[in-house]
Amino acid sequence: MITASLRSLYHRDMNKLKTEVEAYQNEENLWKTDKNISNSAGNLCLHLIGNLNHFIGAQLGNTGYIRHRELEFSLKDLPRTELIEKIEATTAMIDSVLSQLPETEMEKEYPLVVFEDKMTTGYFLIHLISHLDYHLGQINYHRRLLDL
């Protein structure tokens, strides 16, 4: 039950991420920062893609993904089409991994200690979607404030 719900929520929110990236009227503004806005929408998007590919793809799905976290914040001016391709590929990966994850895995310990204590896989997958939504909200505000 929880796995099906998580698949649905990740699909919904990754599609919302794609919609936000597509909604920028000026593609260059995806990479814009301002006084108190230090992360561009493009970099937040790359961060989400890296985060999800690492923690879901590599750790739960054994995809072989290697994360380069520093590049998530230092790369600039990638074409919007490339960001959208990465979002779509990440969405497909999440669905593939979660569709193959037995419900019993949700109560098992997540393979990495990410915070100070161990946690279940289900708990961490819920955390990851809240992390996605936190940055999705930032991207929405970024677009409404800086895509002028």
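Because only heavy atoms are used, hydrogens play no part in the values below, and waters and symmetry mates are left out as well, while side chains stay in.
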Original post:
Should we count CD of Glu107 as having more than 12 external heavy atoms under 6.0 Å?
Top reply: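 It does not: Glu107 CD has 12 such atoms or fewer within range.
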Subject >> Residues, nucleotides or ligands: over 12 heavy atoms within 6.0 Å of Glu70 CD >> reply: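 Yes.
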Subject >> Pairs where residues 132-148 contributes a residue and the test salt bridge (charged side-chain N to carboxylate O under 4.0 Å, His left out) is met, not counting sequence neighbours >> reply: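 Qualifying pairs, neighbours excluded: Glu20-Arg143.
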Original post:
Do we see a donor-acceptor contact under 3.5 Å between the side chains of Thr81 and Glu85?
Top reply: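 Note: Thr81 and Glu85 side chains miss the donor-acceptor criterion.
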**OP:** Working to the nearest 0.5 Å, report the span between CD1 of Ile94 and CG of Leu6.
**Re:**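 Answer rounded to 0.5 Å: 10.5 Å.
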Original post:
Distance from Ser74 atom OG to Arg69 atom CZ, nearest 0.5 Å?
Top reply: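 Here the rounded value is 11.5 Å.
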Tell me which donor-acceptor pairs under 3.5 Å the side chains of residues 113-129 have, and how far apart each pair is, sequence neighbours excluded?
| residue | atom | partner | partner atom | Å |
| --- | --- | --- | --- | --- |
| Thr120 | OG1 | Tyr123 | N | 3.0 |
| Thr121 | OG1 | Lys108 | O | 3.4 |

Give every donor-acceptor pair under 3.5 Å between a side-chain atom in residues 51-62 and any protein atom, sequence neighbours left out.
| residue | atom | partner | partner atom | Å |
| --- | --- | --- | --- | --- |
| Asn51 | ND2 | His131 | ND1 | 3.1 |
| Asn53 | ND2 | Ile49 | O | 2.9 |
| Asn53 | ND2 | Thr90 | OG1 | 2.9 |

Subject >> Ionic contact status for Glu22 with Arg80, cut-off 4.0 Å >> reply: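 Salt bridge flag = no for Glu22 with Arg80.
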Original post:
Which residue pairs pass the ring pair (Phe, Tyr, Trp, His ring centres under 6.0 Å) test when at least one of the two sits in residues 74-99, sequence neighbours left out?
Top reply: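 Pairs touching residues 74-99 that pass the test: none.
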**OP:** Just grab all the ring pair (Phe, Tyr, Trp, His ring centres under 6.0 Å) pairs involving residues 78-108, residues at least two apart or on different chains.
**Re:**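 Matches after skipping sequence neighbours: none remain.
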Subject >> Plane angle bin for Phe73 and His47 - parallel if under 30°, tilted between 30 and 60°, otherwise perpendicular >> reply: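 Answer is tilted, since the angle falls between 30° and 60°.
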Subject >> Under the salt bridge (Lys or Arg N to Asp or Glu O under 4.0 Å) test, residues paired with Glu28 that sit two or more places apart >> reply: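 Residues passing salt bridge (Lys or Arg N to Asp or Glu O under 4.0 Å) with Glu28: none at all.
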